[in-house]
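Right, one structure below, let's go through it.
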Amino acid sequence: MQKEFPEAEVFEIKKVELNSPIIFAGFVGAGLVGPLAINHIIEKLEMRQIGVMRSKYLPPSTVFMRGRLRHPFRFYANQDGTICAIICEITLRMEGLYYLVESILDWAAQKGSKEIVILDGVASTEHDDKAYCAAEEDLVRTMAEKDISMIPQGFITGIPGGILNECLVREIKGVTLLAKANKVAPDSGAAATLIEAINRFYDMSIDTKQLQDEKDRIHTEFSELSQKYVEHREEIAGMYM
């Protein structure tokens, strides 16, 4: 008998040894900031794909870039197994999000991860070159020392909000780093701002020059996905403050 398609599961395509990794995640949102930033981190850290999300709640879609097919919801790890990345390049319906959230955090717990950082954009008319954060109180204070501003109030929806909520009742810290981003087009400048905040806070040195220099190419390659976000932004992840 054929196995029923799962509610949600992280399907590992490569067995790797992970060492309590910090996890960075990006989902479709304003300016596609999350996917742009995560994609850049994956490239610069030469991370390898280790898994995909399988779920009957994912739309039956695949993505391709420069003619190459790739799964739209992917998991990566660096060579040392100390950093993981999750990238989702399709819009997600509200139905089934809790199964996706549970699957991600169960997987993170199995790998010994203590912190997940969600990168996202806040729809705005212009980018102000600033990074903002929302986290538990001790992390917010520490981030302020690295020029990452606290968000005074607001709410986060969709899968980012679901992950952060669940982190509050689990033994894993949930953090979101946000940047004001173009609400109708891919915003590589906002993605670069978040990576620079990561560099400051997590003592990393990910070069962002390519994001700044190749805005036109990025705009062309990601414009269709950005338009799908604009069409469905009331139903998917977002941040309002």
Side-chain angles (χ1 to χ4, degrees), residues 24-45 47 63-66 70 72-74 76 85-92 117-134 143 146-151 154-161 163-164 175-202 204 206-241:
F24 295 99
F27 304 94
V28 173
L32 298 185
V33 173
L36 289 176
I38 295 296
N39 191 60
H40 191 75
I41 290 169
I42 290 167
E43 179 182 334
K44 292 303 178 183
L45 297 186
M47 303 175 83
V63 297
F64 58 90
M65 192 63 67
R66 301 174 191 174
R70 60 189 186 189
F73 203 141
R74 307 183 301 280
Y76 291 80
I86 302 172
I87 182 169
C88 181
E89 296 173 321
I90 50 174
T91 58
L92 300 174
V117 183
I118 296 173
L119 310 180
D120 206 352
V122 181
S124 180
T125 54
E126 61 180 15
H127 178 51
D128 59 5
D129 296 318
K130 294 180 181 179
Y132 300 87
C133 73
M143 285 189 169
K146 300 292 184 178
D147 195 29
I148 302 171
S149 305
M150 176 189 71
I151 299 170
F155 60 91
I156 301 171
T157 64
I159 193 166
I163 290 172
L164 295 169
V175 182
T176 183
L177 293 176
L178 302 137
K180 292 182 179 179
N182 191 312
K183 60 185 177 181
V184 296
D187 197 330
S188 56
T193 293
L194 291 190
I195 293 175
E196 288 159 6
I198 288 171
N199 286 340
R200 294 195 302 275
F201 190 75
Y202 294 99
M204 299 172 72
I206 302 168
D207 185 14
T208 60
K209 188 174 186 299
Q210 185 179 355
L211 278 172
Q212 303 284 7
D213 291 348
E214 299 186 9
K215 290 181 179 180
D216 291 342
R217 176 188 64 80
I218 291 169
H219 186 279
T220 299
E221 290 186 353
F222 288 89
S223 59
E224 183 175 353
L225 179 56
S226 181
Q227 183 58 40
K228 287 187 180 298
Y229 164 70
V230 172
E231 292 170 359
H232 298 96
R233 63 176 175 255
E234 293 184 358
E235 303 172 14
I236 63 174
M239 167 70 200
Y240 305 85
M241 68 178 185

- Item | Exercise: identify the closest heavy-atom pair between L32 and P186 | CD1-CG, 4.4 Å
- In Å, rounded to the nearest 0.5 Å, how long is the span from CD1 of I86 to CD1 of I163? 6.5 Å
- Are any non-hydrogen side-chain atoms of E89 and R74 less than 4.5 angstrom apart? yes
- Item | Approximate separation, where rounding is to 0.5 Å, of I156 CD1 and I151 CD1 | 6.0 Å
- On a heavy-atom basis, the closest approach of C88 and F73 is SG-CD1, 3.6 Å
- Of L178, V175, L177, L36, which meets side-chain contact (heavy atoms from CB on, under 4.5 Å) against L119? L177
- So, S188 side chain and L211 main chain: donor-acceptor pair closer than 3.5 Å or not? yes
- Nearest atoms (heavy-atom pairs only) where I195 meets A37: CD1-O, 3.7 Å
- Task: Work out which heavy atom in F27 is nearest to a heavy atom in P160; give both atom names and the distance.
- Result: CD1-CG, 4.1 Å
- Note on the structure: For M150, the side chain to side chain contact (heavy atoms under 4.5 Å, CB included) test, sequence neighbours excluded, returns V140
- Check whether any side-chain heavy atom of I198 lies under 4.5 Å from a side-chain heavy atom of I41, and answer yes or no. yes
- Message: Going by side chain to side chain donor-acceptor pair (under 3.5 Å), name the residues that satisfy it together with K44, two or more places apart in sequence or in a different chain.
- Response: Q210
- Query: Can you list the residues that meet the salt bridge (Lys or Arg N to Asp or Glu O under 4.0 Å) rule with D128, with sequence neighbours excluded?
  - Reply: K180
- Note on the structure: For A85, the side chain to side chain contact (heavy atoms under 4.5 Å, CB included) test, sequence neighbours excluded, returns I38, I42, M47, Y76
- Between CZ of F201 and NZ of K146, what distance do you get to the nearest 0.5 Å? 8.5 Å
- Closest non-hydrogen contact found for R200 with D147 is NH2-O, 3.3 Å
- The reported gap from CD in E196 to CD1 in I206 (rounded to nearest 0.5 angstrom) is 10.5 Å
- Note on the structure: Value for CZ (F24) from CD1 (I118), rounded to nearest 0.5 Å, stands at 12.0 Å
- Task: For A190, check side chain to side chain contact (heavy atoms under 4.5 Å, CB included) against everything at least two apart and list the hits.
- Result: V33, H127, A179, A181, D187
- Under the side chain to side chain donor-acceptor pair (under 3.5 Å) rule, collect the residues that match up with T176, sequence neighbours excluded. none
- Once you round to the nearest 0.5 Å, how far does NE2 of H40 lie from CD1 of I87? 12.5 Å
